[in-house]
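Report on the following structure.
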Amino acid sequence: MTKYKSDFLNILEERGFIHQCSNFEALDAKLMERTQRAYIGFDATAESLHIGNLTGIMMLKWFQECGHKPVTLMGGGTSKIGDPSFKDEQRKLLTDEIINNNIDKIQSTCFKQFLNYGEDETDAVMVNNNDWLSGLGYLEFLRDYGRHFTVNRMLSFDSVKTRLERESPLSLLEFNYMVMQGYDFVELNRRHEVILQMGGSDQWGNMINGVDLGHKAHQMKLFVLTAPLLTTPDGKKMGKTLNGAVWLNADMLSPYDYYQYWRNCDDAMVETLLKRFTMMPMDEVRRLSALEGKEINDAKKILAFEATKMCHGEDAAKDAETTAQKVFEQGSVGDDLPSIDVPRAELENGLAFVDLFIQCGLASSKGEVKRLIKGGGAKCNGQSVADDELSLHTSDLTDEGYIKLSSGKKRHALVKVQ
């Protein structure tokens, strides 16, 4: 029995996307009236989005699948400030040039596999909040909108309270972020008839400001819908690895490494990840999630393939899958395995194993490599390395012309000569 009238909310409920909504009943009714428009904001603080943004992207994808129009808002304006939510210190301020470059890269790489852009009624549209924020007059903005925000209420939001409780300075610049985000919603309703903002549960405070501002200033009927944040079984925020964020841009993280991230997920996360990050029918999700023991690895392979296919395309997913099979099941080396090239002359003179290990992305510091060596987890051509002073030479090249470095059983890379 379905809980809502609209397909969109029922799908999100079944797949674990719903945490909180400003008004479920009224939103449900709105979604049944006609094609509606919803947005999620993405700050342009890097050249790629990462899987922390993927829940929002999938919400927009399902919104489009259900016959509605998604709006991707690039924070060309708000990126100049930086969201202070749950941060211990102010973000580094970015120049217009860096922000615009980041937006260009994100536009061309991160959304194209997930959403259909175009001119039709349900085609996605991308906008930039710098188009309206950069032209605001300070006094006029304070007069027209500042009066609708109370400092008392702004101080009550968890994102602000956490910062103050830690006695971390919160600048007036950052304090204005939630005001800017609230104003974004008003402008998007004016310009694009957007009625719904979606995002992670940690953004509730920033998001609800837009609903309140729209109602107080213009009698707009706006809604917000949040998804629960994903955490690993040990309570850590999902999406981080030892080497940093799991990027969606293939130039920053190879499709093979992206595939391996999903393949190596915790057993307890399989059902949640299949629900959120694939389009597989729920009957199949439930079947795979019920697998136990060694069979759960079959579910993980399907998860990795489907997630990689959505982000990088089917060909890249097949290549990553083939490489993984060669490396882990056949004991050989796949074409898609991460690699670095070094000059033959330098390898003839000897290159430090520790340095090469870091260059390959298998560790982030010499200390980390040495700890792996001590624990028997650092390998060269399948053999454990015991000496942290080891140097590698051309004599270590296999007959195929590479040196295979490994961190544990799951992470591998190749050293090749130029």
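Starting from 1, each residue takes its place in the sequence as its number. Computed from a predicted structure; not experimentally measured. Below, all heavy atoms of this structure are taken into account, side chains as well, without hydrogens, waters or symmetry copies.
Judged as a side-chain hydrogen bond (donor to acceptor under 3.5 Å, both in side chains), and not counting sequence neighbours, the contacts of Arg276 are Thr55. Scanning for side-chain contact (heavy atoms from CB on, under 4.5 Å) contacts around Asn23 gives Glu25, Ala26, Phe223, with sequence neighbours left out. With sequence neighbours left out, the ring-ring contact (aromatic ring centres under 6.0 Å, His included) criterion links Phe277 to Trp262. In this view, Tyr259 satisfies the ring-ring contact (aromatic ring centres under 6.0 Å, His included) rule with no residue, not counting sequence neighbours. Among residues two or more places apart in sequence or in another chain, the salt bridge (Lys or Arg N to Asp or Glu O under 4.0 Å) test is passed with Lys105 by Glu47. The salt bridge (Lys or Arg N to Asp or Glu O under 4.0 Å) test applied to Lys318 returns Glu314, not counting sequence neighbours. Scored by the salt bridge (Lys or Arg N to Asp or Glu O under 4.0 Å) test, Glu271 finds Lys275 as partners (sequence neighbours excluded). Take Asp251 and apply the salt bridge (Lys or Arg N to Asp or Glu O under 4.0 Å) test, not counting sequence neighbours, and it matches no residue. By the ring-ring contact (aromatic ring centres under 6.0 Å, His included) test, Phe305 pairs with no residue at all, sequence neighbours left out. Partners of Thr95 under the side-chain contact (heavy atoms from CB on, under 4.5 Å) rule, at least two apart in sequence or in another chain, are Glu97, Ile98.
Salt bridge Arg34/Glu193: present, at least one basic N to carboxylate O contact under 4.0 Å. A salt bridge links Lys300 with Asp267: at least one charged nitrogen is closer than 4.0 Å to a carboxylate oxygen.
For Lys69 (side chain) and Arg37 (main-chain N/O), no donor-acceptor pair under 3.5 Å exists by modelled atom type.
Side chains of Thr322 and Asp319: no donor on one and acceptor on the other come within 3.5 Å. Side-chain contact annotation: His68 with Thr35, donor-acceptor N/O pair under 3.5 Å absent. No hydrogens or angles considered: a donor-acceptor pair under 3.5 Å links the side chains of Asp184 and Asn129.
Checked against a 6.0 Å centroid threshold, the rings of His312 and Tyr256 do not count as neighbours.
For the pair Cys311 and Tyr258, the minimum side-chain heavy-atom distance is below 4.5 Å. The shortest distance between side-chain heavy atoms of Asn10 and Lys3 falls below 4.5 Å. Residues Trp204 and His19 fail the side-chain proximity criterion, which asks for heavy atoms closer than 4.5 Å.
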Which pairs of donor and acceptor atoms, one on a side chain in residues 280-288, lie under 3.5 Å apart (sequence neighbours left out)?
{"residue": "Asp283", "atom": "OD1", "partner": "Arg286", "partner atom": "NH2", "Å": "3.0"}
{"residue": "Glu284", "atom": "OE1", "partner": "Arg287", "partner atom": "NE", "Å": "3.0"}
{"residue": "Glu284", "atom": "OE2", "partner": "Arg287", "partner atom": "NE", "Å": "3.4"}
{"residue": "Glu284", "atom": "OE2", "partner": "Arg287", "partner atom": "NH2", "Å": "2.8"}

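Evaluated for a side chain to side chain contact (heavy atoms under 4.5 Å, CB included) with Phe353, the options Val415, Asp388, Ile358, Leu392 yield exactly one hit, Leu392.
Evaluation of the salt bridge (Lys or Arg N to Asp or Glu O under 4.0 Å) test over residues 211-227, restricted to residues two or more places apart or in two chains, returns Arg153-Asp212.
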Salt bridge (charged side-chain N to carboxylate O under 4.0 Å, His left out) between Glu368 and Arg371, intermediate numbers included | CA-CA 5 Å; Glu368 185 182 337; Arg371 286 191 293 272; 5.3 Å; no

